[in-house]
Amino acid sequence: PLITDATGKKFGKSEGNAVWLNPEKTSPYEMYQFWMNVMDADAVRFLKIFTFLSLDEIEDIRKQFEAAPHERLAQKVLAREVVTLVHGEEAYKEALNITEQLFAGNIKKLSVKEFTQAAKIYDSGHAGIYEMCKDDYPPILAELEKEPFCDVLDCGCGTGPMIELLHEKYPEKHYTGLDLTPEMIHVAQAKNLSNTEFLVGDSENLPFEDDSFDAVICANSFHHYPNPQDFFNSTYRVLRKGGRLILRDYTSSNFVVWLMNHLEMPLANLFGHGDVKIHKPTEFITMAEKAGFTVLTMEKQKGFRAHLVARK
């Protein structure tokens, strides 16, 4: 039978939207993207036509989809089922991985663009929304001081203000600052702090040997990470046994976090900010424990702040 979309447009070569079963003509990734981009009005109907899911399963998907259409559940299931049916599970996983990596790359480019501009004012005292980051430094310092430390890594260090604070009080310790934005690191390096190294790098793939640090700190950077579990895994690897991760970032109640992710985040991206996701307290704990950490503290603090301390 002739298949049309919600606008009445048919599928087929004459319309320029043909999807081929031959992977040399339509790759699994292209097929995945085709189904991910179907209109909301078509998604549930196409599940009934192009998949072998039961009507009960599709009805359950429909209810979830209509409750949260922005999450595109119907399109995700449609793409998964069709690509797996035609090309197999491994091809589906590869298409999904390519999609996720492209998203991560685009978000990271957005963050670099944002913070290249922010580097010019970050230390000025008139840094606008970035001023609130400074509220995280004293609690991190206080937490760090609870145990002896020597080698500290600051992930998402920006221009190095947290390391400056630590260096002023403990100049004999060794500090490493890592940031994705070269201009931030350029400003940090110009401070010429002793026993300190500032490097351009990705906090989701830390460029250090195993067991390199006593402590890893992260202040208000985590919500920019598109692959947050990778951050926890990488942090666990570079910490010495008994070392601590001290992380502060946004969080709140489940409802407020939902509002942040579905209203504030899209607007932030529209205005050129590389924010990705605000996490619930339970999500911080789950990711830390999955990486192998023992969570010592997970608190919701004033200012919509998560305060996480985890030990390797």
Side-chain angles (χ1 to χ4, degrees), residues 3-7 9 11 17-23 25-110 204 223-233 254-255 257-270 274-280 282-283 286-287 290:
I3 304 295
T4 60
D5 64 21
T7 68
K9 186 177 180 181
F11 283 11
N17 61 359
V19 180
W20 300 86
L21 300 183
N22 185 339
K25 291 188 174 183
T26 301
S27 72
Y29 168 73
E30 290 170 324
M31 180 179 282
Y32 180 87
Q33 290 302 316
F34 176 85
W35 296 112
M36 280 296 297
N37 287 309
V38 302
M39 293 183 290
D40 288 355
D42 291 321
V44 173
R45 180 166 65 94
F46 287 170
L47 282 171
K48 296 176 182 178
I49 297 171
F50 293 108
T51 78
F52 289 106
L53 295 174
S54 69
L55 291 178
D56 287 342
E57 289 175 304
I58 293 173
E59 177 62 14
D60 183 55
I61 291 166
R62 182 192 66 79
K63 291 177 182 177
Q64 295 181 61
F65 176 59
E66 290 182 354
H70 54 275
E71 294 184 358
R72 303 181 65 76
L73 175 63
Q75 286 93 337
K76 289 177 181 177
V77 174
L78 179 63
R80 181 194 71 202
E81 292 296 311
V82 177
V83 174
T84 301
L85 177 65
V86 175
H87 296 296
E89 186 175 359
E90 287 305 311
Y92 158 70
K93 289 180 179 178
E94 182 178 356
L96 179 62
N97 181 59
I98 292 171
T99 301
E100 291 175 342
Q101 290 305 313
L102 287 172
F103 168 76
N106 289 337
I107 284 291
K108 288 177 181 180
K109 287 178 183 177
L110 196 59
E204 295 178 350
H223 62 281
H224 290 279
Y225 302 163
N227 304 296
Q229 187 63 56
D230 290 348
F231 166 78
F232 277 101
N233 296 344
N254 289 354
F255 176 67
V257 167
W258 187 92
L259 289 176
M260 287 177 168
N261 286 326
H262 295 95
L263 298 178
E264 183 180 346
M265 286 293 166
L267 284 173
N269 294 154
L270 238 122
D275 307 61
V276 177
K277 183 181 179 181
I278 305 301
H279 294 275
K280 304 171 188 176
T282 53
E283 290 176 322
T286 298
M287 287 185 283
K290 185 176 180 180

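Pairing each heavy atom of K290 with each of Q229, the nearest pair is CD-OE1, 3.6 Å. Pairing each heavy atom of W35 with each of L78, the nearest pair is CE3-CD2, 3.5 Å. The two residues R72 and N37 have their closest heavy-atom pair at NH2-CA, 3.9 Å. A pairwise comparison of heavy atoms in L96 and Y32 identifies CD1-OH, 3.3 Å as the closest pair.
For H87 (side chain) and V83 (main-chain N/O), no donor-acceptor pair under 3.5 Å exists by modelled atom type. R62 places no side-chain N or O within donor-acceptor distance of the main-chain N or O of V44, the cut-off being under 3.5 Å. A distance-only check finds a donor-acceptor pair linking the side chain of N261 to the backbone of I278 [under 3.5 Å]. Distance alone, capped at 3.5 Å, is enough to place a donor-acceptor pair between the E204 side chain and the N227 backbone.
Using a 30° and 60° split on the angle between ring planes, F50 and F46 fall in the perpendicular class, above 60°.
Within 6.0 Å of atom CD in E283, more than 12 heavy atoms from other residues, nucleotides or ligands are found, so the atom counts as buried in its surroundings. No more than 12 heavy-atom neighbours from other residues, nucleotides or ligands sit within 6.0 angstrom of CG on L55. Atom CD of E89 sits in a sparse spot, with 12 or fewer heavy atoms from other residues, nucleotides or ligands closer than 6.0 Å.
The shortest side-chain heavy-atom distance between V77 and T51 does not fall under the 4.5 Å cut-off. Proximity of K277 to H223: side-chain heavy atoms (C-beta onward) are nowhere separated by under 4.5 Å. The shortest distance between side-chain heavy atoms of P228 and H279 falls below 4.5 Å.
Here CE of M265 is found 12.0 Å from CG of L259. Values are rounded to the nearest 0.5 Å. Distance check: I58 CD1 to E81 CD gives 9.0 Å after rounding to the nearest 0.5 Å. Put simply, OG1 on T84 and CD on E90 are 10.0 Å apart, with the number rounded to the nearest 0.5 Å. With rounding to the nearest 0.5 Å, the separation of CD in E71 from CD in Q64 is 9.0 Å.
In summary, D42 and R45 engage in a salt bridge, as defined by a charged side-chain N under 4.0 Å from a carboxylate O.
A side-chain donor-acceptor contact under 3.5 Å links Q75 and D40.
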